Amino acid sequence: QVQLVESGGRLVQAGDSLRLSCAVSGLTFRLYAMGWFRQAPGKEREYVAVISWNADRTVYADSVEGRFTISRDNAPNMLYLQMNSLQPEDTSVYYCAADGSGGLPTSSSRYHYWGQGTQVTVSS
């Protein structure tokens with residue numbers, strides 16, 4: 001079955017860097033656009049960054065543009081999110097997701113497969 005497993009989340013200080021990873025199995029990874037989303041308590045899930053199947057296109061939320069970098073390695077099936085200059089407002093559960101529609105959507109409703117999430121907490 002399809003599995004997306006995030007890792008790398010932890011408690012950090014404001015200004016620190018952190019790299020999240022997402023290991024994907026059970027689907028043809030190179031055919032899927034991938035995204036990172038996050039959800040803070042009491043808030044809706046929001047997109048952070050998305051990347052096309054061949055990594056030639058990326059889109060970032062305004063709140064993370066210039067601080068976060070999404071990347072992927074199609075062999076093995078890994079997705080990454082490098083997060084620099086972290087701020088307390090970045091505190092959330094971060095999820096990776098896969099979309100097989102052929103586009104590069106930023107809406108969470110377009111993504112078919114999801115991981116269980118990893119907690120990132122940034123203290124001030």
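Just so you know, these numbers come straight off a predicted model, no measurement behind them. Quick note: numbers below take in every heavy atom, side chains included, and nothing from hydrogens, waters or symmetry partners.
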## Note on the structure
residues 57-85 vs ring-ring contact (aromatic ring centres under 6.0 Å, His included), sequence neighbours excluded, gives none
## Note on the structure
Residues pairing under ring-ring contact (aromatic ring centres under 6.0 Å, His included) where one sits in residues 96-115, two or more places apart or in two chains, turn out to be Phe37-Tyr111, Phe37-Trp114
### Query
Any chain of hydrophobic side-chain contacts (each under 4.5 Å) joining Val64 to Val50?
no
## Note on the structure
Pro76 meets the side-chain contact (heavy atoms from CB on, under 4.5 Å) criterion, sequence neighbours left out, with Asp73, Met78
### Task
Only counting residues at least two apart or in another chain, list the ones meeting side-chain contact (heavy atoms from CB on, under 4.5 Å) with Asp62.
none
### Message
The test is side chain to side chain contact (heavy atoms under 4.5 Å, CB included); show your working for Val48 and Met83 and say whether it passes.
### Response
CA-CA 11 Å; Val48 175; Met83 305 186 292; over 6 Å; no
Which atom pairs, donor and acceptor, lie under 3.5 Å between side-chain atoms of residues 95-110 and protein residues at least two apart or in another chain?
from	atom 1	to	atom 2	distance (Å)
Asp99	OD1	Ser101	N	3.3
Asp99	OD1	Ser101	OG	3.2
Asp99	OD2	Ser101	OG	2.7
Ser101	OG	Gly103	N	3.3
Ser101	OG	Arg110	NH2	3.1
Ser107	OG	Ser109	N	3.4
Ser107	OG	Ser109	OG	2.8

### Message
Suppose we screen for salt bridge (Lys or Arg N to Asp or Glu O under 4.0 Å). Which residues come up paired with Glu89, at least two apart in sequence or across chains?
### Response
none
Considering residues at least two apart in sequence or located in another chain, which fulfil the side-chain hydrogen bond (donor to acceptor under 3.5 Å, both in side chains) criterion with [X]?
X	result
Arg67	Asp90
Gln87	none
Gln119	Thr121

### Query
Atom CH2 of Trp36 and atom CG of Leu81: how far apart are they, to the nearest 0.5 Å?
6.0 Å
### Query
Among pairs that include at least one residue of residues 45-59, which meet salt bridge (charged side-chain N to carboxylate O under 4.0 Å, His left out), considering only residues two or more places apart or in two chains?
Arg38-Glu46
Just list the side-chain donor-acceptor pairs under 3.5 Å for residues 14-35, sequence neighbours left out, or say none.
from	atom 1	to	atom 2	distance (Å)
Asp16	OD2	Gln13	N	3.0
Ser17	OG	Asn84	OD1	2.9

### Query
Given the rule in the side chain to side chain contact (heavy atoms under 4.5 Å, CB included) test, do Thr118 and Val93 qualify, once you have shown the distances and angles that lead to the verdict?
CA-CA 5 Å; Thr118 186; Val93 177; over 6 Å; no
### Task
Check whether any side-chain heavy atom of Leu79 sits under 4.5 Å from a side-chain heavy atom of Ile70, and report yes or no.
yes
### Query
Where do Ser52 and Arg72 come nearest, in terms of heavy atoms and distance?
O-NH1, 2.9 Å
### Distance-minimising heavy-atom pair for Ser123 and Pro88
C-CG, 4.5 Å
